[in-house]
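Here is the structure we will look at.
Hydrogens, waters and symmetry mates play no part in the numbers below; they use all other heavy atoms, side chains included. All ligand and atom numbering here is 1-based and tracks the order in the structure.
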Amino acid sequence: MEVLKFLSFPTVRMRRLRRTPALRDLTHKIKPNPSDLICPIFVDENAQVPIPIKSIPGYSRLPIQYVLSEVRQVIEQGIKAIILFGIPSKKDETGSKAFAMDGVVQKTIHNLKNEFSNQIVVITDVCLCEYTTHGHCGIVKDGEIVNDLTLQILQKIAVSHAQAGADIVAPSGMIDGQVRFIREALDDAGFNQVGIMAYSAKYASCFYGPFREVVESVPIFGDRKSYQMDYRNPDEALREMELDINEGADIIMVKPALAYLDIIYLAKSKFRVPVAAYNVSGEYAMVKAAAQMGWVDERAAILEILTGIKRAGADLIITYFAKDVESWLNQL
Ligand code: PBG
């Protein structure tokens with residue numbers, strides 16, 4: 001057979017560095033680490049035993065006294081931070097349980113800090129929707145979410161979390177001015193060391209579905225489109241992030257993650273501040289469901305997704321996969 005000669009074949013051969021696993025490991029760029037991940041924890045004031053969450057497999061609504069052992073396991077996996085969500089024993093119109101000193105989140109923070117001190121970064125979601133009977137993220141008057149009345153409540157919530165020992169508070173309501181007002185309130189109360197992770201670019205998304213069922217925060221009227229962002233608009237995200245940085249945010253967040261990798265990329269290229277991405281409940285549920293059907297390899301999918309989010313520019317990832325970290329990192 002005639003030997004074919006490609007004398008003019010280019011000398012650049014991209015496959016050279018892909019030839020062996022060792023070469024690939026040597027030249028890889030991005031790798032998610034356990035210390036990049038933030039694990040969500042749901043605490044339910046009414047629960048006597050952990051109540052498994054069907055739509056977020058592997059997660060339960062935990063009674064306060066169960067959180068310590070859960071967080072111990074998380075720490076053992078090399079995770080450095082958790083984010084707490086509370087489900088109060090009682091909801092009301094103004095979400096007053098959200099800033100009660102003996103509230104479900106406040107008690108939990110207190111226990112965690114007593115037990116683990118600075119071994120774990122305790123982040124808290126600062127929002128009203130888990131605490132209000134109407135399920136909206138702000139004070140409602142005549143069917144409207146009233147921005148400036150809500151700010152005062154958010155200040156109280158943030159300060160109560162700081163008093164209980166939170167390291168970072170994370171306002172998630174997309175209420176205008178929330179970062180500035182919370183920063184001021186924290187400083188006035190002597191908590192200038194407590195950080196703010198702002199849910200800056202939070203889009204009105206269908207992917208929060210499983211989460212809302214857990215905390216029973218599906219709005220009883222309307223939707224969240226008058227405060228969360230319209231996903232057809234990338235410019236607004238940049239304005240929101242810039243505002244939050246100017247108002248004092250230490251970390252900015254993009255949420256959800258997967259349909260918003262461009263926004264994460266923009267955030268990181270435009271602002272040199274830590275960027276967090278929230279890989280939300282619906283994104284987790286999709287992987288779990290497809291894996292259960294045998295349609296995707298679960299660990300490979302997790303690794304590919306989290307690497308993709310990091311590659312887009314996220315420094316931190318809030319993800320329900322944080323709990324499985326050991327099993328999927330084994331595949332690296
Ligand atoms: C509270 C809040 C929500 C999520 C995090 N904080 C729900 C919402 O905005 O409706 C969603 C998280 C998830 O889906 O994993 N405002």
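Those atoms of ligand 1 with a heavy atom of Q228 less than 4.0 angstrom away are 8 (C), 9 (O). Below 4.0 Å from some heavy atom of Y278 lie the following atoms of ligand 1, by number and element: 12 (C), 15 (O). Interface of Y320 with ligand 1, defined as ligand atoms under 4.0 Å from a residue heavy atom, comprises 12 (C), 13 (C), 15 (O). Shown in contact with F85 at under 4.0 Å from a heavy atom are these atoms of ligand 1, numbered in order with element: 5 (C), 6 (N). Counting atoms of ligand 1 from 1 in the listed order, those under 4.0 Å from a heavy atom of C127 are 16 (N). The distance from ligand 1 to the heavy atoms of C129 drops below 4.0 Å at these ligand atoms: 1 (C), 16 (N). Atoms of ligand 1 lying under 4.0 Å from at least one heavy atom of D125, given by number and element, are 1 (C), 6 (N). Ligand-side atoms of ligand 1 in range of K255: 2 (C), 3 (C), 4 (C), 5 (C), 6 (N), 11 (C), 12 (C), range being under 4.0 angstrom from any heavy atom.
Remark: K270 NZ is loosely packed, at most 12 non-hydrogen atoms of other residues, nucleotides or ligands lying under 6.0 Å away. Other residues, nucleotides and ligands contribute only 12 or fewer heavy atoms inside 6.0 Å of the CZ atom of R239. More than 12 heavy atoms of other residues, nucleotides or ligands shown are found within 6.0 angstrom of CZ on F116. Counting non-hydrogen atoms of neighbouring residues, nucleotides and ligands closer than 6.0 angstrom, the CZ atom of R232 reaches no more than 12 such neighbours. Within 6.0 Å of CD on E144 lie no more than 12 heavy atoms contributed by other residues, nucleotides or ligands. More than 12 non-hydrogen atoms from other residues, nucleotides or ligands lie less than 6.0 angstrom from CD of E236.
Using a 4.0 Å heavy-atom cutoff, Y284 is absent from the residues neighbouring ligand 1. Residue-ligand proximity: E283 is placed with every non-hydrogen atom at 4.0 Å or more from ligand 1. Taking a 4.0 Å cut-off on heavy atoms, S172 registers as neighbouring ligand 1.
Comparing heavy-atom distances from atom 3 (C) of ligand 1 across Y203, Y208, F211, Y227 singles out F211 as nearest.
The protein heavy-atom contact nearest to atom 9 (O) of ligand 1 is K202 NZ, 2.7 Å. The protein non-hydrogen atom at the shortest distance from atom 10 (O) of ligand 1 is R212 NE, 2.5 Å.
One finds the CD atom of E130 at 11.0 Å from the CZ atom of R212 (value rounded to the nearest 0.5 Å).
Close N/O approach between S281 and ligand 1 is found [any backbone or side-chain N/O within under 3.5 Å].
A ring-ring contact (aromatic ring centres under 6.0 Å, His included) check over residues 165-202, counting only residues at least two apart or in different chains, returns nothing.
Of the listed residues (I318, D244, I264, L316), just one forms a side-chain contact (heavy atoms from CB on, under 4.5 Å) with M253, and that residue is I318.
In the model, S55 has no side-chain atom that pairs as donor or acceptor with a side-chain atom of E213 under 3.5 Å.
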